[in-house]
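The chains referred to below are lettered A, B, ... by the order of the sequence lines, with proteins before strands, and numbering in each begins at 1.
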Amino acid sequence: MQRRPGTITSTSPPESDRRRSSGSGGETRDSGGAEIDLISLTKTYESGDVRALDDVSARLAPGEFVTFLGPSGAGKTSVLRLLAGLEFPDRGQVLLNGRDVTSVPPQRREMGVVFQDYALFPHMTVYQNCAFPLQVRRVPAATIRQTVDAVLNTVQLGDHGDRYPAQLSGGQKQRVAIARTLVYEPQVLLMDEPLGALDKNLREHMQLELRQLQQRLGVTCVYVTHDQDEAMALSDRIAVMRDGRIEQMGSPRDLYRNPRSQFVAGFFGKMNFIPGEVTGSDSDCVHVDTELGVVRASRESARLSQGSLTAGAPVTVAVRPEKVSVTASPPRGTAVNSLALTVEYIRYAGAFTYVDGVGRTRETGVVACKGPENSDITTGEPAAFHFPVENTFVFEREPADQRGAGKPE
Amino acid sequence: MQRRPGTITSTSPPESDRRRSSGSGGETRDSGGAEIDLISLTKTYESGDVRALDDVSARLAPGEFVTFLGPSGAGKTSVLRLLAGLEFPDRGQVLLNGRDVTSVPPQRREMGVVFQDYALFPHMTVYQNCAFPLQVRRVPAATIRQTVDAVLNTVQLGDHGDRYPAQLSGGQKQRVAIARTLVYEPQVLLMDEPLGALDKNLREHMQLELRQLQQRLGVTCVYVTHDQDEAMALSDRIAVMRDGRIEQMGSPRDLYRNPRSQFVAGFFGKMNFIPGEVTGSDSDCVHVDTELGVVRASRESARLSQGSLTAGAPVTVAVRPEKVSVTASPPRGTAVNSLALTVEYIRYAGAFTYVDGVGRTRETGVVACKGPENSDITTGEPAAFHFPVENTFVFEREPADQRGAGKPE
Amino acid sequence: GEPTSAGSSGNDRANEQPDSPADIESLSGSVNLNTSGGVVDEIWEESWWARFMDETGVEIRTSSPADLSRLRAQVESGNVEWDVTEISTGGQYLEAVEQDLLTELDQERFREYFEQLGGDGDDLMPEAVATHGIGHAPFATILMFDEREFPEGEPQPSSVTDLWNVEEFPGPRCIHEQALYNLEIALAADGVDADDMYPLDVERAIGKLDELVPHIATFWSAGAESIQLVADGECVMSTVWNGRPFGAQNEDDIDYLGVAWEAGIMASSYWVIPRGAPNPESAYALLATYQLPEVGASTANQVGYGNTNTATDELIDEDARPFVATYGPNLEVLTVQDEQWWYEHGESAEERFSEWRLAQ
Amino acid sequence: MTPPARRFRLPRGLGFLLPALILVGAITVVPVVRIVMISFGDGLANYQELFQSGVFWSTLRITVEISVASTVVCLLLGYPFVYLITSFRENVARRFLLIVVTTFWISLIVRVYAWMVILGRNGLVNDALVGLGLVDEPLDLLFNRVSVIIGMVHYLLPYMILALYGGMVGIDRGLTVAAQTLGASPLQAFRRVYLPQSLPAVFAGSMLVFILATGFFVVPSLLGGPGEMTLSVYMERQTFFLNWGSATSSAVLLSAVSIVLFVSMDRLVGLDKLFGAVRR
Amino acid sequence: MTPPARRFRLPRGLGFLLPALILVGAITVVPVVRIVMISFGDGLANYQELFQSGVFWSTLRITVEISVASTVVCLLLGYPFVYLITSFRENVARRFLLIVVTTFWISLIVRVYAWMVILGRNGLVNDALVGLGLVDEPLDLLFNRVSVIIGMVHYLLPYMILALYGGMVGIDRGLTVAAQTLGASPLQAFRRVYLPQSLPAVFAGSMLVFILATGFFVVPSLLGGPGEMTLSVYMERQTFFLNWGSATSSAVLLSAVSIVLFVSMDRLVGLDKLFGAVRR
Ligand SMILES: Nc1ncnc2c1ncn2[C@@H]1O[C@H](COP(=O)(O)OP(=O)(O)OP(=O)(O)O)[C@@H](O)[C@H]1O
Ligand SMILES: Nc1ncnc2c1ncn2[C@@H]1O[C@H](COP(=O)(O)OP(=O)(O)OP(=O)(O)O)[C@@H](O)[C@H]1O
Ligand SMILES: [Mg+2]
Ligand SMILES: [Mg+2]
């Protein structure tokens, strides 16, 4: 990811392809990372009534960068705690390079943890905090100074070494927490929202640093973030969690393109959801009757169990705005997935434009996303919203109050 | 902002126009909010050598929603602390509705604070934490129960009332902090990254709730966030801070369209920066010589002091990617701001496409952003990058290592 | 050393000698008695106090402990609440006299009350009535040994000086932790006669004590401790206050404690009337009651400490006699401590003794 | 996500501390067991005797009264003091601490004597009161319950202060300030936020001082009125005749009473729940 | 952004605490001033006398030695104990605490005798040793420095435990665990992370126990060997003769020595800096 100077800063929208293409730019990985197996991890906190983790299994390849994504309380931190050896699972195992480490104490796992709440040592300066992991490893003092100075510069805190954590701003504390973990280059990096308190520029700088370090050392990374862009930009794979379970795990592109449930679909990028009922299916398509008309989805993109394929089953149709095209001319009557809607609203949003179309009842609608080019679509006028059957998903309908699940704005 | 059901979720790119348009959707404000004046606030922390705040002045209208934005350590939290009465300024005053409250203790300012690190009471349950502000106001117990239950439901923690803070996940804690402050509907809301630990869906839900509450009660809001989208979506005005000073303050649209410095320009959205030197100026335009060729900017969009207008002054030219259009045909030799570059890279990013063009040395380049439509531009081929003089900014060049300033990736 | 106290004497009531003759019938109200506390109180309650109340109708209110600094504070602050208090041995009495804290006793008055109570003034020992107080239960520091080690029939220690007789009576010893008594005993062991004892030759005594050092297990400080040490076998013999082995025999069925009176040292604490005492007449009567033979005998019979009335002897039980200091035969072989010497030289002697102890 | 401590199991790697635990157990429990055994040496006889002894019960009552009062007064004086000094910079706070602690080494007797002089009929206080014309007659300030408690407090206060200091110095004042931004008055913020967090220190400190107070006899016997005989004086008397049976049984009873006292205080104040939440 | 406490000024709204501060000041300082005045009653005479007295210096030395040793042993036993029990659930921890504290109320004298019985020539330990054939002759376990310290520790340990408990119960174990994830062994994590945070409690507890120890004479005089005479015994002798001048001057000197001791310990261990950082 060596960058050209004099160029773009700031955020980018979902780039599901970026990972793949930028992989070539990185330096070659050595095989320093560890393979991690999570086997049926289950955890209920002593005082809690809920299962924080419920049968979580996953295999992480050496040097892989895996992000755990999910709504607040989904169990992301709990996964990290079990991995780091801070908690003991009720059931299940953690394997490190095939070895069962479930009951190995934290300090013998060689995992670096960036804690969600930083866990800085209040009685040590920034410098001392960062030197700590090296000192306990008996690194020579001169090396320590060099290394710590370097890592503090990386996190842009080179001149804050003598401060105590209480004398730092929130983002500065977070950077100390990162620096303290990076400084000793652990085999496995566990990071719990390590960049949450940083502004975009710094965050992107840090993302780059993290990714470079991770690739240089080939460490296996387990990452937690709430920032979907960040997850997409950094991760080889993403695990979407919900209520203590992994809902789906795959490459960012995979999750974006092939979400397995309404929840996952709603968790990445934008998505139109249209409630409906199955009316039937043929060899290619599933037919769904919605308020806006009949919608068809290819069999591959219909994520329905056999039971839900029966007519009358409540389902949700989903399609991404950028897969929806809008034309001012009314749709031909027979065209598949071409809905006649009224343009309610056109939002010009810097680089592109959103077109909101609503049905007759104005209760349901579809949003299309198009480039900034002008067109002849006008607010209040009818327009045709088209989308391909292969990009149309059908999910079993989830209860509306499902926490964190693509909750309507 | 009443929403249609069955619609879009998730993030949106910079929408500088959104505030204006959505304003009409809100309920009418009553005049419950307070006017706040910050007058020349200066603060140096006891143990710190740096000025956390340096002559910060601002006036906040009643019911206004003002966001403080800026890199980590810029002084955002410090502003809030002074406002809330947690710190005493070295110099300067805080006026509340014209009354000097600089030395009024926190509990008599009727300001609600959501602390960056939550500051939850560890010995109280979630419910007790939220009931606390009402109890000290001697609200009847029945009312307290109702109100707290309602606010806990708003933050989706209705079933967590009996937990202690230590038994919550990071995002849950943050929501308790918000709930505890919202529950007593203060005159002024000070929120320090209140949504930083929440996933996008929940965050957008909370944004909506906050905005609705703020408009319903007409409270004045001072908000800190690192999320530019959030800042743009919520704020009436944004104050961009750097190194303890307010760099620029204005509406989101204003900041996006008329950044007053390279720093502000780099802090919002994407921006192409091209270093160059002033060669001269005429009545309409400033001429800048860059590696990519001569660029002109209108006098209005050139943010140069008289001194910097002299030939040879180092400046930075800036233009937003969405203002750049690309054509495959080579530029006409005389066209203004039409640069002949080589297309190095085309990134398809879901709803739109970025085109990276580089100059001969491949050291400098320009990124254009266009809709998803296909065109005849090909990687490796030359193309013309055009942008209007009135959308071209010229700033005095800032040192490269300026912390947080649109740092090149 | 004189304390530089701000509190000066402000109450002269004690110096107003009453004009009326002593009349036990005329007494009324109450009297405040301060004792050093302890089990003896319970015995006194039955014999001494009951008798006094019978005779006078005056109520007794008791308190404890006896403490010189509190006495002084009372007198100096003008808050005197005690009519009679005990005052400890070893120079404190003389110190109190010196500091003018006590009422000077009217000997005649005391005798009058004593005789009105049925006592015979001639039975009183010379020690019984001093200028500012009456001798309280005299006690002796004597030798106690473990009869399990030195059983009857075999040679038994017969004098306190047998502490030094390590050939005949081997085994660890314990002695008191202060110079008081130890110096006298050491000199006696070094051959000094009772008559030549004072002024004490401190260095000579220390020299003699040096010889004992290898055999000293520990120093005891509290009365009960000396018994415990022998009972536990920590030492085979120890100096002891005469009432203790008697008590151990009575109360705890420890019947293997032999005692030797020869060369023991007798001393006495005092009952005094503080200057400014609120009820001086009742105080006289109370003190007079104390010296009655029946009163002394009842304590002697139970705890081994009598009073200073020679008539008490006859009332002492047979099995108590070996343990009572004022019992004639025992009294004969005891050396009476010279309080004046201790008052004058006590501090430096203690200092010297401490120095010696610390050198061990 | 600072990991909270595990609760149930012996913390990993702390096995090596077991010997200390056992040693502490041995050193504390073994003599106690012996003492309890001795107290039951004659079956229940010792206890029967005690229960019938009026002196035991009145001294026990006096002891508990004096100890409770002294503890409460120490707390009332010590707590605000510590609250205040822990809000100063640390080195200032510790300077205050040292000053207070200095007074420790003034031997108890000397101090008691100083009080006698101060409180006596011709003492400093009375001189001042009379001199100012506030009273006509010198007041009887000495030799009553009040002078006992003054003396006890003087002796015990530094211990209370030290015990509180160790616990209160670490409490986050930030939360108190946060409470104020939520509308609590400083007093409310203190009572609802700071106080609960300081309760473990209060608990430990009160226990410590109470215990010291019960075992204490010099002050009551020197400064107290005629009737102020405490249990420790009573117990010392019992050892006059090696009367271990009754000395030990009264000790056991005092322990029992004190523990009942503490446990019920604990329940009453609801410390139980508070501790749970504060401990993390 | 939990607001750290202000440092310099009297915290807002705490003005009403000033009376407490003043009262504490009065109660502690006034008698001390008086005592210092008395000690200088004859000019420097009292001090000259003291400085020349060999006994004063040796008893002072012995007192300091015994007190330091007892404090250290109490710390070595009490700290791990508290460390362990504060890692249990809170109610379990407090149950342990109560057990330990029970032993408090066993009158000192009774306890000392219990030790005599245990350590004596015919005591439990010697019986066991001889019975097991480990030694031929009973060992001299009693009446030496070791038995003094055992007795002192037995008496003082519960105080140390209480003082430590109040401070250590609030320490965040999470940071220790965090240190372990950074590669520290449990011991390193303890030493570098937990220990520094517990130092205020250690400081307060040690001071408390040390002070108790210096004022303490029953144990040394009952369990000590012939040469174990402590300063408090010496001072008691002085007050016996109402020799206030020398009693007060030795008290003042002991205070001075102890304070020097604490201040230099403070400096040595660098507590100064640690306190600063821990306090927030
Ligand atoms: N207690 C303190 N002592 C010394 N310096 C402090 C203290 N608190 C903050 N500072 C410094 O003051 C400056 C401003 O801090 P502030 O917390 O206001 O930043 P911020 O804008 O909120 O940053 P962030 O986004 O990281 O939270 C920073 O450089 C910080 O290091
Ligand atoms: N110590 C605890 N005791 C009881 N319940 C707990 C404890 N810690 C976490 N939980 C619960 O376990 C669940 C999972 O928590 P976890 O911290 O893993 O969530 P998370 O995914 O990290 O959430 P966030 O994004 O908000 O940090 C939550 O419901 C939380 O309330
Ligand atoms: Mg979490
Ligand atoms: Mg901040």
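- Atom CD in Q180(E) sits 11.0 Å away from atom CZ in R109(A) (nearest 0.5 Å).
- For CZ of R137(A), the number of neighbouring non-hydrogen atoms (other residues, nucleotides, ligands) closer than 6.0 Å is greater than 12.
- For Q107(A) against G183(E), the heavy-atom pair with the smallest separation is CB-C, 3.9 Å.
- Nearest approach of M124(A) to V193(E), heavy atoms of both residues: CE-CG2, 4.3 Å.
- In this structure, Q135(A) CD and Q188(E) CD are separated by 9.5 Å, a value rounded to the nearest 0.5 Å.
- When each of P133(A), C130(A), P186(A) is checked for a side-chain contact (heavy atoms from CB on, under 4.5 Å) with L182(E), only P133(A) meets the rule.
- The ring-ring contact (aromatic ring centres under 6.0 Å, His included) search around F121(A) returns F132(A), not counting sequence neighbours.
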Atom pairs and distances, donor-acceptor, side-chain atoms in residues 70-79 of chain E, under 3.5 Å, two or more places apart:
from: S70(E); atom 1: OG; to: I66(E); atom 2: O; distance (Å): 2.6
from: T71(E); atom 1: OG1; to: S67(E); atom 2: O; distance (Å): 2.6
from: Y79(E); atom 1: OH; to: S198(E); atom 2: OG; distance (Å): 2.5

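- For the pairing with F115(A), the side-chain contact (heavy atoms from CB on, under 4.5 Å) check across V177(E), T181(E), L175(E) returns one residue only, T181(E).
- For the ring-ring contact (aromatic ring centres under 6.0 Å, His included) test, residues two or more places apart in sequence or in another chain that qualify with Y194(E) are Y83(E), F190(E).
- Within residues 176-185 of chain A, the residues approaching chain E closer than 4.5 Å by heavy atoms are, in numerical order, R180(A), T181(A), Y184(A).
- Neither the backbone nor the side chain of L190(A) comes within contact range of chain E; no heavy atom of the residue lies under 4.5 Å from a heavy atom of that chain.
- Among the candidates L168(A), T125(A), V136(A), the residue making the largest number of heavy-atom pairs closer than 4.5 Å to chain E is V136(A).
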